[in-house]
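Here is the structure we will look at.
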Amino acid sequence: MATSNFGILAKGFISGAVFTVSISYPLYLQQKRGTAPVKTDDARSPLFPFGKPTDLRQVIDYTGHTLCYDVARKQPLWVSEILTKESLKGRANRKQSKFRVDDQLPEGTSATNGDYHKSGWSRGHMAAAGNFKSNQQAMDDTFYLSNIVPQNIDNNSGFWNRLETYCRDLTEQFDKVHVISGPLYQVNDIVGDKKFVKYEVIGDGRVPAPTHLYKIVAAFNEGSPERTAVAAFVVPNIPISREVSELTKYEVSLEKLKSLTGFSFHPQLPSQTTTNLCVSDRNSCKLKSWEELELYFAMKKVKYAKSQKDIDTAVVTLKDNHVKFDQKLLSQIEKKQTELRHATNA
DNA sequence: CGGAGTCTCTGT
DNA sequence: ACAGAGACTCCG
């Protein structure tokens, strides 16, 4: 028994019946407050004769990501993943995956698709599906609703999508890119000198829609993990202009994020030798332009076009947005058109 | 890449 | 009659 000799006796009543509990606790609990750390992992204490509150939060490992689940909010607190060139290569297809209730969670604590349906909010991945092209199972796992938060759809497919793309592109400069993502509930409404945190809750499950999302990016090379380049970002969960490409606009310090989340991320990271990602990265945390993404969309549309009409609409979309055609797209269009001609002739 | 909504079919 | 799965179409 790892207790001291300073046992005390507690007495009380439960439903009229007398109970007597002998409680032993370490000497340091008797010390003055502030002079020593209070041990919190001891289940017995004078103030908690029936045991200290237990925490339902749990950390779960999936095929490609690990998350800490917030039972009360029915969404993750943080989600961790590691990107490499290899993990981004492959044929896994998100069309094969389905959003679904996570049966690994405690009974009744998972959000449902019904909560999100017609809510006006999209189902935003924290660990991104596109980060697991190499493994269909890993991609499928990201579709568990344990990895999902209510996200503004324009933010999701726009700025946040560009941020995820930025993380993937970092694998061209670093062996490994470690990413932690999660929701935040921050002041988003100020009236006079009063500040408010206002957020919607959706569905029968009353799933809260976060005001912000955060992402911590730590990129390093295999041989020198002590020279990690790291940065953290807090992005409001609202549409963000396509013109914004400076990720530094949303950069915060790790210390700041610690106070916002209550989690100390990367506690082992030696801060003396790490560098700021937005300085080390040769792109200086500059996101790809929206035009580049439009070009990418067009490429896909042409590639899977079933008729000339599909190609035309893709082209019109680009012209509407004043996006310059690059050579790859032009040759892709030519290729597709001859392909379609052969199809009609046969 | 990131999503949504609608329709049809099927099983209870 | 209603719920879920799958195919299909659409958007940024």
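Letters A, B, ... mirror the listed sequences (proteins, then strands); counts begin at 1. Note that the coordinates shown come from a computational prediction; the quantities given were computed from them, not determined experimentally.
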Touch check for [X], heavy atoms < 4.0 angstrom, all strands: base, sugar-phosphate only, or nothing?
| X | value |
| --- | --- |
| A/T165 | nothing |
| A/K95 | base |
| A/E294 | nothing |

Using whole Å, what does the distance between atom [atom2] of nucleotide [N] and atom [atom1] of [X] come to?
| X | N | atom1 | atom2 | answer |
| --- | --- | --- | --- | --- |
| A/N113 | B/dA4 | CG | P | 9 Å |
| A/N147 | B/dG3 | CG | C1' | 15 Å |
| A/Y296 | B/dC1 | OH | P | 5 Å |
| A/K98 | B/dG3 | NZ | C1' | 18 Å |
| A/E291 | B/dC1 | CD | C1' | 16 Å |
| A/W290 | B/dC1 | CH2 | P | 15 Å |
| A/F132 | B/dC1 | CZ | C1' | 15 Å |
| A/N237 | B/dG2 | CG | P | 17 Å |

Can you tell me which residue pairs pass the ring-ring contact (aromatic ring centres under 6.0 Å, His included) test with a partner in residues 225-247 of chain A, sequence neighbours excluded? none

By salt bridge (Lys or Arg N to Asp or Glu O under 4.0 Å) - contacts of [X] (at least two apart):
| X | value |
| --- | --- |
| A/E222 | A/K176 |
| A/D169 | A/K288 |
| A/K301 | none |
| A/R57 | A/D55 |

Ring centre gap for A/F159 and A/Y250 strictly below 6.0 Å: yes

Identify every side-chain donor-acceptor pair in residues 186-195 of chain A under 3.5 Å, counting partners at least two apart or on other chains, and give the distances.
| unit_1 | atom_1 | unit_2 | atom_2 | d |
| --- | --- | --- | --- | --- |
| A/N188 | OD1 | A/K198 | N | 2.8 |
| A/N188 | ND2 | A/K198 | O | 2.7 |

Under 4.0 Å, heavy atom to any atom of DNA chain B: which of residues 149-162 of chain A qualify? A/I153, A/N156, A/S157, A/N161

Enumerate the protein-to-nucleotides 5-12 of chain B contacts in which both atoms are nitrogen or oxygen and the separation is below 3.5 Å.
none

Looking at A/P236, is its backbone amide N or carbonyl O close enough to the side chain of A/N155 to form a donor-acceptor pair, meaning the two atoms are under 3.5 Å apart? yes

Using a 3.5 Å distance criterion without hydrogens, assess whether the side chain of A/N221 forms a donor-acceptor pair with backbone atoms of A/S224. no

Would you find more than 12 non-hydrogen atoms of other residues, nucleotides or ligands less than 6.0 Å from A/Q104 atom CD? yes

Just wondering, more than 12 heavy atoms not from A/R100 lying within 6.0 Å of its CZ? yes

Positional range of nucleotides in DNA chain C within the contact set of chain A, heavy-atom, under 4.0 Å: C/dG6 to C/dG12

For A/C278, disulfide (SG to SG under 2.5 Å) partners two or more places apart: A/C285

OP1 or OP2 of B/dG3 versus the side-chain N and O atoms of A/R123: is any pair under 4.0 Å? no

Here the side chain to side chain donor-acceptor pair (under 3.5 Å) pairs for residues 234-249 of chain A, sequence neighbours left out, are A/R162-A/S245, A/R242-A/N321, A/E246-A/K286

How are the rings of A/H125 and A/F143 set to each other: parallel, tilted or perpendicular (split at 30° and 60°)? perpendicular

Any residue in residues 199-207 of chain A with a heavy atom nearer than 4.0 angstrom to DNA chain C? Just list them by number, or reply none. none

